[in-house]
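Notes for the one structure printed next.
Naming: A, B, ... by sequence-line order, numbering from 1 per chain.
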Amino acid sequence: MKPFFITTAIDYTNAPPHIGHAYEKILADVLARFQRQRGREVFFLTGVDQHGQKVQQSAEREGIPPQEFADRVSEKFLSLWKTLGISYDGWAATTAPLHKEAVQRILTDLKERDWLYKATYSGHYSVRQEQFLTDKERGPDGEFGPEWGEVILLDEENWYFRLSKCSEWLAGFLEARKDFVTPDFRQTELRNAAAKITGDLCISRPKSRLAWGIELPFDPGFVTYVWFDALINYISFAGYGGAGQELFEKRWPCDHHVIGKDILIPAHGVYWPCMLHAMGFPDAAMPHLLVHGFWSLRGEKVSKSTGNVVDPDALAEAYGPTALRYYLMRDAVMGRDADFSEERLLLRHNTELGNGLGNLVNRTLSMTRRYREGAPRPVELSPDLVAHRQADTESLRSFIIQMEAAQIHAGLETIVDLVNRANALVDSAAPWKLAKDPDQSDRLDAVLATLILSARIAATLLLPVAPDASAEILRQLALDPIPLTGEIVIADLPAGYVCGEPKPVFPRLELPAVEDAAA
RNA sequence: GCCAGUAUAGCUCAGCGGUAGAGUAGGGGACUCAUAAGCCCUUGGUCGCAGGUUCGAAUCCUGCUACUGGCACCA
């Protein structure tokens, strides 16, 4: 089977990571971990976009070389991914020589096949902001505002990609491949927007204006436009065209480009498929786009200007990566926006993980040790317990279907249901009563074993989202995760089974009590 | 302006043509294995507004309002 290939957007190394960056990487990480659990080979690629004007400007302000600036910000991303347990296989930093060579090879090839041409553009140019202005930048009076400083008319030569040559192909492709974008309403949006995009794409910047980029191999006065450079990371770091071509052919096409809704149109929905088409990729080898929503903060859009940026490092520090990963995956419906609040993070963690799963494991192990010295004897199951185990098997099947469809929030709900069912069984079976009645001895063994197996399924399914906590639960249960490869068999407890010692896996979390002092 | 999305219990959401649902928060109860967790019962909604189609609409259609996004306009 083809390896599972998943990417994230590469993050721009101009500003440190915020909650949205963390969400996207966790989302991709969960899908990658799930596929590994399914026994599939996985190539999970993430990285940083290091070129471009903002990086150059920020570096100049600090009086350091742009590479140094980009590397410094990249470190913050790398460190956060380590904290959050992002299990990427490939790191795409766009200043890497391998990537630069791939971009240049692609440019040369496109030029040779007449996909690129040089032309002169004239327009309004802000000297202070070092950029061309479009009508978007005009004020209500039709003039450019004072924030742009001196605005001049400038003629500039640049290289263009014949995007317009692809418009018919793209329309046909979007018609034929209804599942190019998930969720489907995003594809509708893309189809409508793509029809309006006309003209060619400028893919160069003169070095006099921007030096921090990949030089055009056939015209050293220019560097490559940052989007053209950045999108190619998805294939360059997978081995395209270079020494890794053989690997690339195994991996491509990409199963999911995980991206935010802001960069679907036009970058990933128009430029990227057209670029691939121009490079000669057949329609069947087009990737799939998985588009996620945004997190707002208490109903307000997260933005640097309003200062309501949520720092994921601080959250991981305060509540731990498990609670943060679980909350982000549980509260956001795939593709839709969600609202972030620490209260909800704590609520999800404390009720579902702590009171639900954590307590189930704790009480089950505690009773098993107390009444059976950790070793329930194998006995015949009564019909109610057979039904319980069948329901668990159904949950496991549903979970796999939900995760294959990238519906992580739904998968987690399935786990919650399973846990609630097990907790209800504890109360209805009341092992503490069974333990007092010698006639009920077999029943006690059967109930305890059933609970242990339910906990094992829950921990197995939670592994992609909460790998450390799930591994700890399995350690306490003294069981391996259920293999999710091939035909799934839910075995009974192994011969000679003895459970481990319980210890709270999800200690109760509370809001830091600092606000009172300020009030 | 155009194209989409969303609007259901205090909160987060499911339901998408046939007597309004879940979790959580609030109230009550029985229990004691457990992280004062868990279990059972329960309060709570003219399903954004107005029309229409239908025997029947939260569910389909039209219009409006609010919020979100994309594109465009802003000579």
Side-chain angles (χ1 to χ4, degrees), chain A residues 124 133-145 181 183-198 260-270 291-296 298-302 327 330-341 343-372 407 409-410 412-417 419-436 444 447-448 451 455 469 473 476 502-510:
Chain A
H124 297 278
L133 303 177
T134 66
D135 288 340
K136 267 189 219 176
E137 274 82 41
R138 289 178 195 269
D141 55 356
E143 299 297 318
F144 295 110
V181 184
D184 53 2
F185 72 86
R186 293 280 174 215
Q187 173 131 359
T188 308
E189 208 168 271
L190 171 62
R191 179 168 39 80
N192 295 331
K196 290 184 190 167
I197 292 171
T198 54
K261 64 181 184 179
D262 57 328
I263 54 175
L264 171 63
I265 302 164
H268 285 80
V270 177
V291 182
H292 63 76
F294 280 177
W295 284 87
S296 58
R298 286 185 275 278
E300 281 182 30
K301 199 171 161 180
V302 173
Y327 166 67
R330 178 76 172 99
D331 240 23
V333 176
M334 171 55 67
R336 303 248 302 244
D337 291 348
D339 191 55
F340 183 90
S341 87
E343 287 82 357
R344 283 194 66 79
L345 187 158
L346 296 181
L347 187 75
R348 288 294 195 192
H349 175 272
N350 289 341
T351 58
E352 295 181 352
L353 291 183
N355 300 348
L357 177 58
N359 189 40
L360 172 69
V361 171
N362 212 288
R363 67 202 304 212
T364 299
L365 292 183
S366 172
M367 290 186 288
T368 305
R369 289 169 67 85
R370 177 183 298 212
Y371 305 133
R372 283 294 180 267
Q407 300 293 305
H409 64 286
L412 290 175
E413 197 172 349
T414 300
I415 299 176
V416 169
D417 288 344
V419 168
N420 289 344
R421 200 164 53 232
N423 272 318
L425 175 63
V426 175
D427 281 79
S428 66
W432 50 92
K433 284 182 190 159
L434 301 178
K436 289 175 190 158
L444 177 59
V447 167
L448 291 174
L451 291 170
I473 291 172
Q476 291 183 18
K503 183 168 175 272
V505 179
F506 306 102
R508 201 173 179 78
L509 294 174
E510 281 172 33

Within-4.5 Å side-chain heavy-atom neighbours: A:K261 and A:D337: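 They are in side-chain contact.
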Can you check the distance between [N] and [M], where both ends of the measurement are the [atom1] atom (answer in whole Å)?
N      : M      : atom1 : value
B:rC33 : B:rG21 : P     : 37 Å
B:rA14 : B:rA7  : P     : 7 Å
B:rG15 : B:rG5  : P     : 16 Å
B:rU65 : B:rA22 : C1'   : 29 Å
B:rC41 : B:rU46 : P     : 25 Å
B:rA34 : B:rC47 : C1'   : 40 Å
B:rC74 : B:rC2  : C1'   : 15 Å
B:rU43 : B:rG28 : P     : 14 Å

Nearest-Å distance for atom pair [atom1]/[atom2], residues [X] and [N]:
X      : N      : atom1 : atom2 : result
A:H349 : B:rG23 : NE2   : C1'   : 18 Å
A:E343 : B:rA25 : CD    : P     : 14 Å
A:K261 : B:rC71 : NZ    : C1'   : 15 Å
A:R191 : B:rC3  : CZ    : P     : 12 Å
A:L353 : B:rA37 : CG    : P     : 15 Å
A:H409 : B:rA14 : NE2   : C1'   : 9 Å
A:N350 : B:rA36 : CG    : P     : 12 Å
A:N362 : B:rA36 : CG    : C1'   : 14 Å

Structure string for RNA chain B in dot-bracket form, Watson-Crick and G-U at under 3.5 Å, | interchain: (((((((..((((....[..)))).((((.........)))).....(((((..]....))))))))))))....
Test log, rule side chain to side chain contact (heavy atoms under 4.5 Å, CB included), inputs A:F506 and A:V361: CA-CA 11 Å; A:F506 306 102; A:V361 171; over 6 Å; no
Test side chain to side chain contact (heavy atoms under 4.5 Å, CB included) applied to A:Y327 and A:H349, step by step: CA-CA 7 Å; A:Y327 166 67; A:H349 175 272; over 6 Å; no
Sugar-phosphate or base contact per nucleotide [nucleotides 38-44 of chain B; S, B, -; heavy atom under 4.0 Å]: BS-----
Nucleic acid footprint by protein, nucleotides 4-13 of chain B - heavy-atom cut-off 4.0 Å, B for base, S for sugar-phosphate alone: SS-----SS-
Stepwise side chain to side chain contact (heavy atoms under 4.5 Å, CB included) test for A:L190 and A:V270: CA-CA 8 Å; A:L190 171 62; A:V270 177; 4.0 Å; yes
Sugar-phosphate, base or nothing in reach of A:V361, heavy atoms under 4.0 Å: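 If one applies the 4.0 Å heavy-atom cut-off, A:V361 turns out to touch nothing in the nucleic acid.
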Sugar-phosphate only, base, or nothing, as touched by A:F506 at under 4.0 Å among non-hydrogen atoms: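 Contact class for A:F506: base.
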Listed nucleotide nearest any side-chain atom of A:R508, set B:rU32, B:rA34, B:rU35: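 The closest nucleotide is B:rU35.
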Under 3.5 Å, which donor-acceptor pairs link side chains of residues 427-435 of chain A to any protein atom two or more places apart or in another chain?
{"residue": "A:D427", "atom": "OD1", "partner": "A:R363", "partner atom": "NH2", "Å": "3.3"}
{"residue": "A:S428", "atom": "OG", "partner": "A:A424", "partner atom": "O", "Å": "3.3"}
{"residue": "A:S428", "atom": "OG", "partner": "A:L425", "partner atom": "O", "Å": "3.3"}

Sequence-distant partners of A:R372, side-chain hydrogen bond (donor to acceptor under 3.5 Å, both in side chains), two or more places apart: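 Once residues adjacent in sequence are excluded, the partners of A:R372 under the side-chain hydrogen bond (donor to acceptor under 3.5 Å, both in side chains) criterion are A:S441, A:D445.
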side-chain hydrogen bond (donor to acceptor under 3.5 Å, both in side chains) partners for A:D262, two or more places apart: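 Applying side-chain hydrogen bond (donor to acceptor under 3.5 Å, both in side chains) to A:D262 gives none.
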